[in-house]
Amino acid sequence: MTDTIHKPAVDYRRRQKLARISRNLAILIGALVVAIYVLAPVAWLVSSSFQTEAEIVSVPPHWIPEDPTLRNFEAIFTAGNEEEITYENRSGQDPASGGYIPSTAKNLLPAMWNSTVVATLVVILNLLVGVPAAYALAKIRFMGRDASIYFILMTRVIPDIALVVPFFLVIKNLGMLDSIWSLVLTYLAVTVPFTVFILVQYFEGLPDELDKAARVDGCSRIQALVRVFLPLSLPSLVAVVLFAFLTSWNEFLLALMFTQTSASQTLPIVLAAFTSDFTISFSFINAAGVLAIVPPIIVAVIFERYIVSGLTAGAVKG
Amino acid sequence: QGASDLTMHTWSAAVDTVQSHLNAFTASSGINVNYGNSPWAQYREGMVTKFVGGAPLDMMWVSDAWLPEWVEAGWIAPVDGFKNLTQYNSEAEEFCNDSMTYNGRQYGLTYYTDYMAFLYDEEKVKAAGFDAPPTTWDEVVEQSLVMKEKGISDYPMMLAMAQESWLIEFMSTLVFSHGGRFIDENGMSSMTSEKDGAMEALQWVVDAVSKHGIVSPACVETGELSGLKAFASGNHAFAMVAKYRLRMLNDPEQSQVAGNVQQTLMPKGGNGAHNTVGWMRFHGMSSQAAADPIRAEATAKLIEWFGGKSDGAYKFQKLLFLDIGAGFGVKPLFDDPEIKAAYNAYGDVEVIKAQQSLAMQKDVVTPWFGEWNETNGTAWQSAILGNTDVASAIAKSSDAWDELKEDY
Amino acid sequence: MIFLAPVMLVLMLVAVFPILYSLYLSFFRIKLTRPNRTPFVWLDNYTDLFGNELFWTSVARTVVFSVVSVSAIAVIALLVSLLLNQDFRFRRVLSTIILVPWAIPYVANALMWKWIYDSGYGALNGLLFQLDFISRYMVFLGDQNKTIYLIANAFVWKEVPLATILLLVSLKAIPSDLYAAARVDGATVWSRFVHVTLPAMKPGFLLVMIYETMMAIRHFDLFFILTEGGPGDASHVLSWHIYVETFRNLSFGSGAAMSYVLALVTFALSYIFIRTLGRRV
Amino acid sequence: MARIRFNNVEKKYANGFHAVQNLTLDIQDKEFLVLLGPSGCGKSTTLNMIAGLEDVSGGALLFDDELVNYTPPHKRDVAMVFQSYALYPHKSVFDNIAFGLQMRKVDRAEIDKRVREAAEKLEITHLLDRRPSQLSGGQRQRVALGRAMVREPSVFLMDEPLSNLDAALRISMRAEIKELHQSMQTTFVYVTHDQAEALTLADRIVVMKDGVVKQVGTPDDIYERPENTFVASFLGSPPINYIDGTLKFAGGGAQFLHEALALDLPEAITAKLSGQDGRKVRLGIRAEDVDEAAAGGPGATIHGKVNSVLPVGSDQFLGFDFYGNELFFRVGKDLAHKVGDDVSLSVDLNRLHLFDKDSGASLLW
Amino acid sequence: MARIRFNNVEKKYANGFHAVQNLTLDIQDKEFLVLLGPSGCGKSTTLNMIAGLEDVSGGALLFDDELVNYTPPHKRDVAMVFQSYALYPHKSVFDNIAFGLQMRKVDRAEIDKRVREAAEKLEITHLLDRRPSQLSGGQRQRVALGRAMVREPSVFLMDEPLSNLDAALRISMRAEIKELHQSMQTTFVYVTHDQAEALTLADRIVVMKDGVVKQVGTPDDIYERPENTFVASFLGSPPINYIDGTLKFAGGGAQFLHEALALDLPEAITAKLSGQDGRKVRLGIRAEDVDEAAAGGPGATIHGKVNSVLPVGSDQFLGFDFYGNELFFRVGKDLAHKVGDDVSLSVDLNRLHLFDKDSGASLLW
Ligand SMILES: Nc1ncnc2c1ncn2[C@@H]1O[C@H](COP(=O)(O)OP(=O)(O)OP(=O)(O)O)[C@@H](O)[C@H]1O
Ligand SMILES: Nc1ncnc2c1ncn2[C@@H]1O[C@H](COP(=O)(O)OP(=O)(O)OP(=O)(O)O)[C@@H](O)[C@H]1O
Ligand SMILES: [Mg+2]
Ligand SMILES: [Mg+2]
C-alpha cells in the first residue's frame with residue numbers, strides 16, 4: 001500500500017469551508033433583509049406609540065421619540081374600573097377636549113381578552129373538527145371524496161361582503177347576537193375549510209403504510225389518527241393553529257356585524273372605533289396596535305418550536 | 001335582557017358620556033337600555049345589516065345624509081307624533097329641524113350639528129406679509145402663492161379630497177361658497193350651469209392643484225383626519241375642516257401650531273357669499289320600535305332624554321360640547337356661561353355664530369344620494385388628477401344624478 | 001363518513017344557507033330603498049354586468065392587484081421559507097419575527113400603512129427624504145399610478161407570514177434520504193432544489209396559491225381604509241365595487257350577482273391550481 | 001385461531017391494474033402457509049386483503065365462515081410484518097413494539113415483559129431507546145418483526161420479515177418464528193423469497209404468478225411434484241434444467257429422446273405416460289439430481305463440455321453447454337473442474353420431471 | 001475507475017454511537033468487493049462514507065490517492081443503490097431511473113435508450129410510467145437498482161440490491177450485475193446478506209462485525225480459511241458446527257479429543273499445530289463436510305441421535321444432539337431418516353477447522 005496522499009485538484013475542504021462561510025453570509029444577509037422588511041414598519045409603530053400626538057406628525061419624523069411618553073399605555077392599563085359610569089367619573093377625554101385618548105381606551109384590554117378567547121376556541125374547534133375530516137379525505141378512499149373537497153372549497157369562494165347579511169340572519173336565528181359564540185361559530189366556518197386543506201395536504205404526504213401499521217396494531221381509524229398521525233403532523237398542526245388563531249384575531253367584518261357591546265367586541269372593532277369621527281389619535285392607535293401583536297406572538301413562540309423537520313425519517317422502506 | 005329593555009346603537013363616539021347619561025336615564029325611568037356602539041367608518045353598513053337582519057333595535061344615531069334612504073327602506077319611523085319630542089322644535093336651530101325632516105315628517109331630535117369652517121395659521125399669514133386672512137378664493141390663491149414663494153409652505157391650502165364620507169361636505173362647501181348648487185328646486189341637476197353650478201368650484205380646485213400648486217396633488221388621498229393632522233403638523237396655512245376641530249388644533253399636546261389657528265368666514269367665489277355647509281346627526285327611532293306602542297313610548301322617552309331636556313336641562317348637549325366640542329342644535333345653550341367660556345378659550349364666538357348662520361343644508365340628500373355620491377366623488381377626483389377636464393367630469397356626475405332621479 | 005360529519009355540519013349550519021341565500025338574491029332586482037319593488041329578473045343582474053364599464057375597470061384592477069401580490073407573496077415566501085429551513089443561530093428568533101405582520105389586525109395594519117404612506121408627514125416620505133432619495137415629499141396613495149402597488153405592498157407584507165409557514169411546513173416534510181439519492185445521482189444544489197425540493201413543496205404551493213389568490217381577489221379592508229377605491233378609480237377593485245353596490249347603493253341583488261361572478265372565478269382558479277399543482281387537494 | 005377462505009377473490013387497484021385474479025384458497029386454522037411467487041405477483045396484496053388494508057374488489061373473504069370483506073383491520077385481530085417495515089418514526093423502538101399491546105390494553109408490566117423478551121430474541125435489546133431513524137436496515141426489520149411477535153393475534157401475516165438479515169440471524173429468526181407458530185397455535189401467512197425459509201417453515205406453499213395461483217401443496221409437493229414448469233423452475237437454486245425432446249415407447253419402457261440424449265425412463269414414470277407416445281415433452285432435471293461419482297448406465301448419462309465453474313462455498317455449480325441449452329448442475333466442491341473439460345454426469349432417473357412442451361403442465365402429477 | 005482507500009477511518013454518529021472503528025482497507029480499481037457482516041455492523045455506514053453522504057469522523061478516505069473526506073457526493077462520481085431505495089416519490093419510474101443521467105446532461109435519445117435497456121433487464125418495462133407508490137416491494141427495489149445501472153460512474157455502491165427479489169430473478173440480476181461489472185470495468189462495493197451472492201460475485205470479501213473488520217480475502221479464503229470463529233460461523237448454511245476439545249499429539253500425528261470423539265488430524269493440519277499439544281481448541285465442521293454413504297474410519301466418525309430432520313428441497317438437514325452440542329449436517333435428500341434414529345457420519349478430515357477456544361482465532365490460517 002502506497003502512502004502517498006494527493007491533495008485533490010480542488011481543495012474541497014477549503015471549498016467546503018468557503019461554502020459554509022458564504023452560506024452563513026447569505027443567511028445573515030437574508031435574515032437581515034427579512035428582519036428589516038418585516039420589522040421596519042413595526043419599529044415605527046412601536047416608536048410612535050411612545051410619542052405624543054403632536055410629535056408623531058413631525059416632518060421629518062422623529063424615529064426615536066424625543067419626548068417619550070407612556071400616556072397611551074397608561075390609558076389602556078389604568079382604565080377599566082368596574083364601577084358604573086356616572087357624570088362624575090365619566091371619561092371626558094375625547095380628543096377635541098384636550099386629551100387625545102379616546103374614552104373607549106378602557107375597552108381595549110377586555111376586547112383583547114375577547115379576541116383571545118374567541119381565537120383560542122376557534123383553534124380548538126378547528127382541530128377537533130378539521131383533523132378527522134382531513135384524515136378521512138387524505139387516507140380513506142370513499143365515494144364523494146372529491147365532491148366533498150370541492151364543496152368545502154366552494155364555501156370559501158364567495159366574498160364575505162356578500163355573506164354578511166345571510167350570516168347575520170343565521171346568527172340571529174341561533175340567538176347568538178352580541179355573544180362571542182357568534183364569532184366562534186362563524187370563524188370556525190370561515191377557517192375550517194382551509195384547515196382541512198392544510199391538513200389534507202400534509203396527511204397525504206405521510207406514508208400510507210403507517211396508517212396501515214397502526215390499524216393492524218389494533219387502532220381504530222380515530223386511534224390511528226390520534227396516536228400515529230397527529231404526532232407526525234406537528235408542523236402542519238402548528239400551521240393550522242396559527243392560521244386559525246390569527247384569522248380570528250384579525251377578522252373584522254363579521255365581528256363588526258355581530259358584536260355590539262364590550263361584552264363581545266373584539267380587538268379589531270375596538271381598534272377601529274378609535275378612529276371615530278371625533279377620534280384622531282394615531283399614536284394611541286399605534287400603542288393599541290403594538291399591544292395587539294403580543295398575544296399572537298406568545299402563541300407563535302409557544303408553537304413555533306414544533307415546526308421541526310424529518311418527522312417521518314426511518315418509517316418505511318421504499 | 002328583559003322584554004322591556006330598549007336597544008340603542010350609536011357609533012363609537014363619546015362613549016362614556018353616553019353611558020353616563022344612560023345610567024342616569026335608567027335610574028330616573030327604570031327602563032334598561034342595551035347600549036351598543038360600533039366604529040363610525042363602518043357604522044352605516046353595520047346598521048344596514050342590522051335592519052335587514054331584523055336585529056332588535058329601538059333608538060340609533062342617524063346622519064342627515066342617510067335620512068331619505070333609511071326612511072324609504074322603512075327602517076326608521078317619524079317621531080312627530082310624540083308631543084314630548086316636538087315641543088323642543090321651537091328652541092332648536094331651524095337648520096337642524098329641516099335636516100331631520102323628510103317628506104314633511106320629522107324623524108328625530110338633534111344629537112349634534114356642525115359646519116365646515118375655514119381656518120388659517122395666523123403666524124404664517126403674517127409671515128407672508130398679510131395682516132388679514134383671505135376673504136375670497138382668489139385671495140386664497142394670491143396669499144398662497146406668496147407663501148410658496150417665501151418657502152413658508154409648499155402647499156399652503158389644505159384640502160381633503162379623498163373618497164370618504166366627508167367628501168360631500170367639502171365639495172358642497174366649495175360649491176356653495178362659489179355661489180353654486182348641485183340641484184335646482186325641481187330636484188334636477190344644475191351642476192353643469194356655468195354660473196351657479198359646480199363647475200367654478202371644481203375648476204378652482206383643479207387650478208389650485210395643477211396650475212398654482214397651492215394644493216397638494218395628494219389631496220385626492222387625504223382624508224379629513226389626515227388633512228387635519230397635516231395642518232396640525234404645520235404643513236399648511238389654510239384649511240377647510242369641521243369647526244369643532246378648532247379646539248384640537250389649538251391644543252399643544254396634539255398640534256404643533258397650537259395657538260396660531262384662527263377661524264375666518266369661508267372665502268367666497270365670484271358669485272358667492274361666505275356660505276358653507278352644515279350637517280347634523282340625530283337620534284332616531286326604528287320602525288320596529290314604532291310598531292309597538294309601548295316600546296315606542298319608551299323609545300320616545302329615551303330620545304327626549306338625549307335630544308331634548310333631561311331633568312329640565314339640555315344636559316346631554318352640554319356634556320357633549322364640553323367633552324368633545326360637538327356643536328349643539330339648541331339655541332338657548334349659547335347663553336350658557338360655561339359654554340361661552342369654553343368657546344372663547346379657543347375660538348371667536350362671534351365668527352362661529354356668524355358662520356353658523358351661513359351654513360346650508362346639503363342639497364343632494366335624497367334616497368339615491370349614496371349611489372350618486374360614489375360617481376360624483378370619482379368624477380371630481382378624475383378632474384383633479386387630470387384624467388378628464390372639469391366640464392366632462394361635472395357632466396358625468398350630472399348625468400348620473402338625472403338618471404338616478406329618473407330611475408327612482 | 002363520520003369523520004367528515006362535524007365539518008359538514010358546521011358548514012351546512014353556517015355556510016350553506018348564506019351561499020344559497022345570496023344566490024337567491026342574485027336573481028332579484030333588490031334595492032333596499034325600494035322595499036316594495038323587488039322583481040325576479042332571472043339572470044339580468046348577471047347580463048347587466050357586461051355593459052357596466054366600471055365593473056370591467058374593477059375587474060382589470062383586481063387582476064393587476066392579484067397577480068402582483070400573489071406572485072410577490074409566492075416568491076418572497078419561498079425565499080423566506082428556504083431561509084428558515086436552514087439551521088442557524090437566530091432561526092427561531094427570525095421565524096417568530098416573521099410572524100409579526102400576521103399578528104397585526106387588518107384594521108391596524110391598514111391604518112399603519114396609511115400613516116406610513118402619508119404624503120404630508122408619512123414615515124416613508126420621511127425616510128426617503130432623510131436618505132436623500134427625494135428632495136421633497138412625494139405623493140404616494142394619491143398617485144393613481146402607484147396606488148394599487150402600494151396597497152399590494154401592504155397586503156403582501158401582511159400575507160407573507162402565512163404563506164411562509166405553509167411552505168415551511170411542506171419543506172420540513174421532505175425525507176432526507178431523497179437528498180442523499182439526488183446527491184449521489186450527481187445533482188448540484190440547484191438541481192436538488194429543482195428536482196427534490198420544489199416537487200415536494202407542491203402541496204405547500206398549492207395551498208399558498210389557492211389561499212392567497214382567494215384572499216387577494218376578495219381583499220377589501222386595505223382598499224376600504226387606504227383609498228376607498230380612489231384616487232379616481234385607480235384602486236376600484238371588484239371587491240370594493242361589490243361593497244359599494246351592496247352597502248352604498250343598497251343594491252343587494254346585483255351585489256350578490258357580482259359576488260357570484262367573483263366566486264366562480266375564484267373557484268375556477270382554485271380548480272386550475274388543484275389540477276396543475278396536485279392531482280388531489 | 002382462524003380459518004381463512006378466499007372465494008373467487010379479485011383485487012383491482014385504482015389505476016385499473018388487476019393484481020389478484022379469481023383467488024380461491026382455503027387456509028386452515030393453525031396452518032403455516034407460505035406465499036411464494038415472483039416479484040409483483042400479488043403476494044403483498046393478498047396479505048393486505050387478509051389484514052383488511054386493501055378493499056376486496058370482488059368475491060368473498062371469510063374468517064371462520066364469517067364474511068369479513070368489510071370488517072375494519074382492528075376488528076380482525078391480525079398481526080402483520082410489513083415488507084416496508086412501516087415503523088412509527090416518532091416512537092422509540094420499545095414503543096413501536098409495545099404499541100399493539102397498548103392498543104389492546106395489556107397491562108404495563110406484561111407489556112414490558114413481552115417487549116423485552118421479544119427484543120432479546122431479536123437481539124435488539126440495546127436499541128430499545130432509539131428512534132427508527134437511528135437504526136440500520138436489518139435492525140429496523142427486526143423491530144417490525146418484534147411488533148408482530150409480541151402480539152397474540154388469530155392470524156400472523158408476515159411479508160418478507162427476514163429479507164434484510166444476515167444468514168445466521170435469519171436462521172435463528174426462522175427458528176423463533178417456527179417456535180412462535182408452535183406456541184401460539186395460530187394461523188400464519190408468510191411471504192418470502194427465500195426457498196430455504198419457505199421449505200422449512202411451510203405446512204403448505206402457494207405459488208402465485210401474475211395474480212393467479214399456480215399450485216398449492218406441501219413443500220414436498222411443490223419441490224418434488226411441481227404441476228407445471230413455472231412452479232418447477234421457481235424453486236431450486238440453481239434452477240431446474242430443461243431439455244426438450246420426444247417421448248418414445250419401445251418394448252416395455254418409455255424413452256426420452258433428444259438429438260444427443262436418450263434416457264430410459266423408469267417404471268414409475270412410464271406408468272404415468274400411457275398413450276403419450278410421440279408427444280413433444282420438456283424434460284426437467286434438477287441441478288442436484290446428477291452425480292459425477294457414480295457411473296451411470298448408458299441410458300442415464302449426460303455428456304457435455306464445462307462452460308463455467310461457480311464455487312459457492314459448500315458446493316460448486318457447473319455450467320454446461322448442451323446443444324444450445326445452458327444447463328447448470330450442482331456438484332461437490334472437491335471435484336476439480338476447469339472450463340473446457342469434458343464431463344459425464346449420471347442422471348438420477350427417478351427424479352426426472354416431464355412436462356408437456358406447449359402447455360408446460362406436468363405429465364406426472 | 002477508482003481505487004478506494006480507507007486509512008484508519010472512524011465513524012461516530014451524532015448520538016455518540018461508534019459505528020465504524022479504525023477501518024483500514026484498500027479497494028482496488030475494478031475490484032468487486034463485497035461487504036459482509038451481521039445486521040448493524042456498519043456496512044451501510046461504510047458505503048455512505050464512500051458516497052460522501054456521511055462525514056468521516058476520523059482518518060482519511062482516498063480515491064486514487066486523493067483525499068476525498070471533504071468532496072461532496074456529486075463530485076465523487078459514484079452510483080448507489082440505497083438499502084431503503086430512496087426513490088423520488090413524485091417522479092415516474094422512468095424519470096427515477098433517468099435522473100442521474102439528466103443530471104449529467106446525457107442527451108435525451110441516449111437516456112431513453114439506456115433507461116429502456118435497463119428496464120428490459122430488470123423486467124420493469126411495463127412499469128415505466130408508474131409512480132413508486134404503485135409498485136410492489138421487489139419492483140421498487142429494481143427501480144433503485146436501475147437507477148444505478150444506467151450510470152457509468154467510477155464506483156458502484158450497492159446496498160443489498162436484491163434482498164426483496166425472488167430466487168429466479170435474483171439469479172438473473174446477479175448475472176446482470178456481474179456483466180455490468182465486466183463491461184464497465186469499474187469498482188464495485190456491494191453489501192449483501194446472501195452468501196451465494198457474496199461468494200459468486202466477489203473478488204474479495206470483507207467480513208465486518210460491530211464496526212471492525214474481521215477478515216478480508218477472496219471468497220475461497222473466507223469460506224475455506226476463516227481466520228476466526230466469527231468468520232467461520234458467519235458463512236455456511238446451516239452454519240458450521242463446533243465441538244470443543246483438546247489437542248493431543250501422539251506418535252507422528254495429532255488428535256482432536258473430546259469426551260466422546262477422537263479425530264485423527266491429517267498431515268496437512270498437523271503440520272500447522274506444532275507446539276500446541278494440550279491446547280484447548282474448538283473444532284469446526286461445516287455442515288456439508290460429512291458423508292453418510294462412505295464409511296469413515298474409526299478416527300473420522302461421529303455417532304449421534306437424530307434430533308430433527310429438515311428437508312430443504314435439494315437436501316435435508318439433520319439435527320444432532322451431540323453431548324450437549326446441537327449439530328447440524330447437510331445430507332442428500334434420498335436418505336430417509338426419522339427423529340430418534342442413530343446415525344454415524346464420516347467427517348471429511350481435510351476440511352476441518354481448528355480455533356483457539358478462548359480467542360476464537362484460527363490455528364490453521
Ligand atoms: N443515524 C444514526 N444514529 C445513530 N446510530 C446509527 C445511525 N444509523 C445507524 N446507526 C447505527 O450504526 C450501526 C451501523 O449501521 P449500518 O446501517 O451501517 O448497519 P448495516 O451494517 O448496514 O446493517 P444492516 O445489515 O442491518 O443494514 C448500527 O448499529 C446502527 O444502529
Ligand atoms: N397502489 C397500486 N396501484 C397499482 N398497482 C399496484 C399498486 N400496488 C401494487 N400494484 C401492482 O400490483 C402487483 C402486485 O403487487 P404486490 O405488492 O402484491 O406484489 P408482491 O407479490 O408483494 O411483489 P414483491 O415480491 O415485489 O413485493 C404488482 O404488479 C404491482 O405493480
Ligand atoms: Mg410484496
Ligand atoms: Mg445496512
Side-chain angles (χ1 to χ4, degrees), chain A residues 27 30-31 34-35 38 41-42 44-45 57 59-61 129 132-133 135-136 142 148-149 153 155 157-159 161-163 166-167 170 185-186 188-189 192 194 196-198 200-201 205 235-236 239 242 246 250 252 267-268 271-272 282 285 289 292-293 296-297 300-301 304 307 309-310 313, chain C residues 1 3-4 6-7 10-11 14-15 17-19 21-22 80 83 86 88 90 94-108 111-112 115-116 121 123 126 129-130 162 165-166 168-169 172-173 175-176 203 207 211 214 218 221 239 242-243 246 256 259 262-263 266-267 270 281:
Chain A
I27 284 176
V34 170
V38 168
V42 181
W44 179 222
L45 200 69
V57 293
V59 179
V129 168
Y135 172 74
F142 59 97
S148 311
I149 286 202
L153 181 65
T155 62
V157 294
I158 314 249
I161 296 165
L163 297 178
F167 260 152
V170 171
L185 186 65
T186 45
L188 179 62
V192 88
F194 210 63
V196 172
F197 283 4
I198 294 176
V200 165
Q201 290 292 8
S236 62
L242 291 177
L246 289 166
N250 286 330
F252 179 71
L267 181 71
L271 261 177
F282 276 130
I285 289 169
I293 303 175
I297 290 302
V301 168
E304 190 275 338
I307 303 188
S309 48
Chain C
M1 210 54 258
F3 283 6
L4 273 176
V7 165
V10 169
L11 294 181
V14 193
F17 165 74
I19 289 168
Y21 182 83
S22 51
V80 178
L83 179 67
Q86 304 295 317
F88 59 96
F90 301 108
L94 190 68
S95 53
T96 306
I97 285 178
I98 182 78
L99 296 174
V100 166
W102 200 3
I104 302 179
Y106 252 108
V107 187
L111 288 169
M112 181 182 86
W115 180 60
I116 287 174
Y121 46 82
F129 183 77
Q130 284 181 335
L162 170 63
I165 291 294
L166 292 177
L168 188 59
V169 165
K172 294 288 188 188
S176 56
L207 291 171
Y211 185 76
M214 221 179 234
R218 302 161 20 155
D221 298 15
S239 60
I242 293 173
Y243 167 80
T246 309
S259 299
L262 188 146
T266 314
F267 190 82
S270 305
V281 175

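This is a predicted model, so every value here is computed, not measured. Residue numbers begin at 1 in each chain, while the letters A, B, ... track the order of the sequences.
Contact check for C/Leu162 versus A/Leu246: no side-chain heavy atoms found under the 4.5 Å cut-off. In this structure, C/Leu4 and A/Phe142 have side chains that are in contact, with non-hydrogen atoms separated by less than 4.5 Å.
Of the two parts of C/Trp102, the backbone and the side chain both hold a non-hydrogen atom closer than 4.5 Å to a non-hydrogen atom of chain A. Only the side chain of A/Leu267 comes within less than 4.5 Å of a heavy atom in chain C; its backbone stays farther off. Looking at A/Val192, only its side chain comes within 4.5 Å of chain C, counting heavy atoms on both sides. Proximity to chain A involves both the backbone and the side chain of C/Ile97, based on heavy atoms less than 4.5 angstrom apart. Contacts of C/Leu83 with chain A are made by side-chain atoms alone, with heavy-atom separations under 4.5 Å and no backbone atom involved. Interface remark: C/Phe88 contributes side-chain atoms only to the contact with chain A (heavy atom separation under 4.5 Å). Contacts between A/Phe167 and chain C at a heavy-atom distance below 4.5 Å involve backbone atoms as well as side-chain atoms. Within the 4.5 angstrom heavy-atom criterion, only side-chain atoms of C/Leu11, from C-beta onward, approach chain A.
Closest heavy-atom contact between A/Ile27 and C/Gln86: CD1-CB, 3.7 Å. Taking each heavy atom of C/Ser22 and A/Leu163 in turn, the nearest pair found is OG-CD2, 4.2 Å. Residue C/Arg218 comes nearest to A/Val157 through the heavy atom pair NH1-C, 3.9 Å, listed as atom of the first residue, atom of the second, then distance. The minimum heavy-atom distance between C/Gln130 and A/Pro61, with the atom names listed, is NE2-O, 4.0 Å. Minimum interatomic distance between C/Met214 and A/Leu153 (heavy atoms only, all atoms of both residues): CE-CD1, 3.6 Å. Here the closest heavy-atom approach between residue A/Ala300 and residue C/Leu99 is recorded as CB-CD1, 3.3 Å.
Comparing C/Ser176, C/Ser259, C/Gly126, C/Ala108 by how many heavy-atom pairs each has under 4.5 Å with chain A, the most go to C/Ser259. When A/Ala35, A/Pro166, A/Ala133 are compared by the number of non-hydrogen pairs under 4.5 Å with chain C, A/Pro166 comes out ahead. Looking only at heavy-atom pairs under 4.5 Å with chain A, the residue among C/Ile165, C/Val100, C/Leu262, C/Ile98 that has the most is C/Val100. Between chain A and the residues C/Tyr243, C/Phe129, C/Tyr106, C/Tyr211, the most heavy-atom pairs under 4.5 angstrom are made by C/Tyr211. Taking chain C as the reference chain and counting heavy-atom pairs below 4.5 Å, the highest number among A/Pro296, A/Pro159, A/Gly30 is found for A/Pro159. Ranked by heavy-atom pairs under 4.5 Å with chain A, the first of C/Asp221, C/Thr96, C/Ile104, C/Leu168 is C/Ile104.
Shown here are the ring pair (Phe, Tyr, Trp, His ring centres under 6.0 Å) partners of C/Phe17, two or more places apart in sequence or in another chain: C/Tyr21.
Aromatic ring pairs are classed by plane angle as parallel below 30°, tilted from 30° to 60° and perpendicular above 60°; the pair C/Trp115 and A/Trp44 is parallel.
Summarising the geometry, atom CG belonging to C/Leu166 is positioned 10.0 Å from atom CD belonging to A/Gln201; distances are rounded to the nearest 0.5 Å. C/Leu207 contributes atom CG, which lies 6.0 Å from atom CD1 of A/Ile198 (distance to the nearest 0.5 angstrom).
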